[in-house]
Amino acid sequence: MSGVVTGDAVVLGLQPARLPSRALAVLIDLVVVWAAYVLVMIGLALATASLDEAAVAAVSVAAFLLVLVGAPIAVETLSHGRSLGKMACGLRVVRDDGGPIRFRHALVRGAMGVVEILMTFGVVACIASLVSERGRRLGDVFAGTLVVRERMPAARVLPVPPPPPWLVGRFAGLDLSAVPEGLWLEIRQYLTRARELDPGVGRQLAERLAGQLVGRTGTPPPAGVPAEAYLAGVVAERQARDARQAFAEAGTGTGAGAGVGAGAGAGGGFGAGGTVGVPAGAVLPPALPPVVTPAASSAVPSTVPPVVPPAVSPGAASPVAPPPVAPPGSEASREDGQPATGFAPPA
C-alpha cells in the first residue's frame, strides 16, 4: 500500500500498479490504437490517391498524431484516467494526491509515452517502472501522476475461535452495553491472529485487552481463567446475544405480517353485527314467506306465518314496516271475491 497524502493531509491507502499489469494494459491499448490507425490510413490512402506526395505525407503525419497520440490523451481525459486496457486490468491513473487527472496530466503522459513506448518499444518505460518505488514511468514522474489498482481482492475474514467448553454461558449476566465498538474490533482481531503472534507478546496483548474490558464491564474474570480464554468467552456471549436479537426481530416481523393478513381476511368476511358477508351500514331486504307447493298445501296451516322483521345493522336507517295483513275469512281480507293474502284456501 502506498501512503498517498491528499490536500487535506489525509493519508490514502492505495496500491500502486506494478509492471506486469501495466504492461498488459498498455499492450491492449496499443492493439486497439494501431488497429484504428491502420483503418484510418487505408481510408486516407483511398481518399488521397489524387494528391501529390507532399499532401499525402502531411495527411499521414496528421493522422499519426491524432490517432496514436491524441486519441489516448482524449480517452484518459474524458474517462478520468481509465483507458480500455486499464479498465480491463482494473487500473486507473490518479494524481499524486489521489484526485482525478485532468487534460494537462494526460497531455504530459501522452507526449512522454511517444518517446518511452512508441519510439523505444517500451524499453525506457519498463526500466523506469522497475526502478521506481511506486512503479511509475517517466510520464508519470513529469505529470505528477500514479497508476493504482481499482479492483482490490476481497479481504479474507477469519472466524473468531470458540471459547473453551467450560466457559460457555458463564458470562450470561455480564453487562456489555458500555463496551465500545473499537474495543470489540481490537479483541476480535487479536483472537483471529493470536496463533500467529509470539507467545509473550500475545499474552501481554491479551492481558491489556482483558483489563480494558474489565474496566468497561466492571466485572473481573473468574479466578484461574486466562486472559485469552476470558476474551473468547465474552466475545462468544456478545455474538450469542446479537444472534438472539436478530432472531427475535425476524420473528416479530413474521408474526405482525401474519396478524395483519388474518385481520384483513376476517374483516372482509364479517360485517357489523356479526352478519356473514354483509358490509357495515347495509340494509337487509325484508324476509319473504316460504313458497308452498300444491302437493304440500294440505300440510300447511291456514294461518299466514308472521313476517320476520329485517335485520338492521347498527347506524343504518330503519326500514319502513310493511302494512299489516288481515287473517283469512275476515271482511277486510276479501275484496271482489279474491283473498287478500294472494293464497287460495285449502280444498
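A pairwise comparison of heavy atoms in L167 and A229 identifies CD1-O, 3.4 Å as the closest pair.
Side-chain contact between Q239 and D242 is absent, with no heavy-atom pair separated by less than 4.5 Å. L118 places a side-chain heavy atom less than 4.5 Å from the side chain of L30. Taking the side chain as every heavy atom from C-beta outward, M119 and V114 approach each other to under 4.5 Å. Contact check for L213 versus L231: side-chain heavy atoms found under the 4.5 Å cut-off. In this structure, the side chains of S60 and L44 stay at 4.5 Å or more apart for every pair of heavy atoms. A heavy-atom distance below 4.5 Å is found between the side chains of L65 and V61. Residues R134 and D96 are in side-chain contact: their nearest non-hydrogen atoms beyond the backbone lie under 4.5 Å apart. Side chains of Y37 and M41 form a contact here, defined as non-hydrogen atoms less than 4.5 Å apart.
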- Message: Is there a side chain to side chain contact (heavy atoms under 4.5 Å, CB included) between L84 and V75? Walk through the geometry before answering.
- Response: CA-CA 9 Å; L84 294 178; V75 170; 5.6 Å; no

- Task: Please test V26 against R137 for side chain to side chain contact (heavy atoms under 4.5 Å, CB included), starting from the C-alpha separation and ending with a verdict.
- Result: CA-CA 12 Å; V26 171; R137 62 180 178 88; over 6 Å; no

- Yes or no on side chain to side chain contact (heavy atoms under 4.5 Å, CB included) for V93 and H105, after CA distance, side-chain angles and deciding distance? CA-CA 9 Å; V93 182; H105 305 96; over 6 Å; no

- Item | Evaluation steps, side chain to side chain contact (heavy atoms under 4.5 Å, CB included), between V67 and W34 | CA-CA 8 Å; V67 177; W34 276 103; over 6 Å; no

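Between R216 and E181 there is no salt bridge, since none of the side-chain N atoms of the basic residue sits less than 4.0 Å from a carboxylate O of the acidic one. With respect to the salt-bridge test (charged N to carboxylate O, under 4.0 angstrom), the residues R195 and E228 qualify. Salt-bridge annotation for E76 and K86: present, with a side-chain N of the basic residue lying under 4.0 Å from a carboxylate O of the acidic one. Residues E237 and R241 are paired through a salt bridge, judged by an N-O separation under 4.0 Å between the basic side chain and the carboxylate.
Remark: the backbone N or O of S129 is not paired with any side-chain donor or acceptor of S132 at under 3.5 angstrom. In terms of modelled atom types and a separation under 3.5 Å, the side chain of S21 and the main chain of R18 share a donor-acceptor contact. The backbone N or O of G90 lies less than 3.5 Å from no partner atom in the side chain of R149, so there is not a single donor-acceptor pair. Judged by distance alone, the side chain of Q212 and the main-chain N or O of L183 form no donor-acceptor pair under 3.5 Å. Judged purely by atom type and a 3.5 angstrom limit, R95 has no side-chain atom pairing as donor or acceptor with the backbone of I101.
Residue pairs meeting the ring-ring contact (aromatic ring centres under 6.0 Å, His included) criterion with at least one member in residues 202-231, sequence neighbours excluded: F171-Y230. Residue pairs meeting the salt bridge (charged side-chain N to carboxylate O under 4.0 Å, His left out) criterion with at least one partner in residues 22-46, sequence neighbours excluded, are R22-D140.
Not a single side chain to side chain contact (heavy atoms under 4.5 Å, CB included) links P165 to another residue, sequence neighbours left out.
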